[in-house]
Amino acid sequence: MGFFKIPLFIACTLVFSITLCCNAQNSPQDFLDAHNAARAAVGVEPMTWDTDVEAYAQSYANIRSADCSLTHSGSFTYGYGENIAAGGGPLTAKTAVDMWVAEQQYYDYATNSCNAPAGESCLHYTQVVWRNSVKLGCARVECTNGAGHFVTCNYSPPGNYNNEKPY
């Protein structure tokens, strides 16, 4: 009997450690830190976490948990901007935000234009750094179809208005 207690204890400890590890990389502070680092790099004030915006993000993420579909929620109707990401592997808060911020390479501030190749965009990046978007709420769910994780961040007020620079 003593033989089975040790492996079970080790297995439970391992599962707990993995859960603790991965949840620790997806806290509201992790989302805020990643956003605010990008904002600080261009001189934009930091965002704050908003539980109402978070509730909207969580509600939509729960819907997308069935399929991980990169389909927007229509958040603008509710007064929110939105960035979404999905994928396998360790799609954490930071990796999702880093994907959006990586679009900075295509954004030309002087002309307020995007020079992205086909299939790429600048709008995720500009939403992250949009100076008037000051409240943030995000959610991350594991998709039940095995496609990985779905991440959504919502912004209040929304950004990306035509002919306006983000900062």
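- Checked by atom type, the side-chain pair S27/D30 shows a donor-acceptor distance below 3.5 Å.
- Through direct or indirect side-chain contacts shorter than 4.5 Å among Ile, Leu, Val, Met, Phe, Trp and Tyr, F76 is connected to W130, Y161.
- Here the SG atom belonging to C138 is positioned 11.0 Å from the CG atom belonging to D50, to the nearest 0.5 angstrom.
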- Would T95 and D98 satisfy side chain to side chain donor-acceptor pair (under 3.5 Å), going step by step from the backbone distance to the final call? CA-CA 5 Å; T95 56; D98 285 350; over 6 Å; no
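- Judged purely by atom type and a 3.5 angstrom limit, N26 uses its side chain to pair as donor or acceptor with the backbone of A93.
- Classified by interplanar angle (parallel below 30°, tilted 30° to 60°, perpendicular above 60°), the ring pair Y56/Y78 is tilted.
- In this structure, the side chain of R140 does not engage the main chain of A61 through any donor-acceptor pair within 3.5 Å.
- Formation of a donor-acceptor pair under 3.5 Å by the N154 side chain with backbone atoms of G81 is found in this model.
- For Y106 and Y125, the ring centers are positioned 6.0 Å apart or more.
- No donor-acceptor pair under 3.5 Å is formed between the side chain of N132 and the backbone N or O of G159.
- Note: D67 CG to T71 OG1 = 6.5 Å, rounded to the nearest 0.5 Å.
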- Message: Is there a side-chain contact (heavy atoms from CB on, under 4.5 Å) between R64 and S73? Walk through the geometry before answering.
- Response: CA-CA 9 Å; R64 291 278 66 97; S73 71; over 6 Å; no
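- Residues H35 and C153 form a side-chain contact, since some pair of their non-hydrogen atoms from C-beta on lies under 4.5 Å apart.
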- Stepwise, does the side chain to side chain donor-acceptor pair (under 3.5 Å) test hold for Q127 with W100? CA-CA 9 Å; Q127 177 59 82; W100 302 327; over 6 Å; no
- Chi angles and distances behind the side-chain contact (heavy atoms from CB on, under 4.5 Å) call for N163, N112: CA-CA 8 Å; N163 302 317; N112 193 31; 5.7 Å; no
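- A pairwise comparison of heavy atoms in S113 and T111 identifies OG-OG1, 2.5 Å as the closest pair.
- Although no hydrogens or angles enter the test, the distance criterion places no donor-acceptor pair under 3.5 Å between the side chain of S133 and the main chain of S156.
- Closest of all the heavy-atom pairs between R131 and V134 is O-CG1, 3.9 Å.
- If you chain together hydrophobic residues whose side chains sit under 4.5 Å apart, L32 and V128 fall into the same group.
- The minimum heavy-atom distance between C114 and S121, with the atom names listed, is SG-C, 3.9 Å.
- A donor-acceptor pair under 3.5 Å is absent between the side-chain atoms of T152 and the main chain of A139, judged by distance alone.
- The same ILVMFWY cluster, assembled from side-chain heavy atoms under 4.5 Å apart, contains both L136 and M99.
- With hydrogens and angles left out, the side-chain atoms of E142 and S65 include no donor and acceptor closer than 3.5 Å.
- With hydrogens and angles ignored, the 3.5 Å screen pairs a side-chain donor or acceptor of E103 with a backbone N or O of H124.
- In terms of hydrophobic clustering, with Ile, Leu, Val, Met, Phe, Trp and Tyr side chains grouped at heavy-atom distances under 4.5 Å, Y60 and L70 are assigned to a common cluster.
- No donor-acceptor distance shorter than 3.5 angstrom exists from the side chain of Y109 to the backbone of P166, with no hydrogens or angles considered.
- Under a cutoff of 6.0 Å and an axis angle of 45°, K135 and Y155 do not form a cation-pi pair.
- Cluster annotation: V101 is connected to V129 through the hydrophobic network of ILVMFWY side chains, with a link wherever side-chain heavy atoms come within less than 4.5 Å.
- Grouping the Ile, Leu, Val, Met, Phe, Trp and Tyr side chains by contacts below 4.5 angstrom, directly or via other members, places Y80 apart from V141.
- For the residue pair A96 and V151, the shortest heavy atom distance occurs at CB-CG1, 3.8 Å.
- The minimum heavy-atom distance between A86 and F150, with the atom names listed, is CB-CD1, 4.2 Å.
- No more than 12 heavy-atom neighbours from other residues, nucleotides or ligands sit within 6.0 angstrom of CD on E45.
- A donor-acceptor pair shorter than 3.5 Å can be found between the side chains of N160 and T126.
- Under a 3.5 Å cut-off, the side chain of S59 and the backbone N or O of A55 do not form any donor-acceptor pair.
- From S69, atom OG reaches atom CD1 of I84 across 7.5 Å, with rounding to the nearest 0.5 Å.
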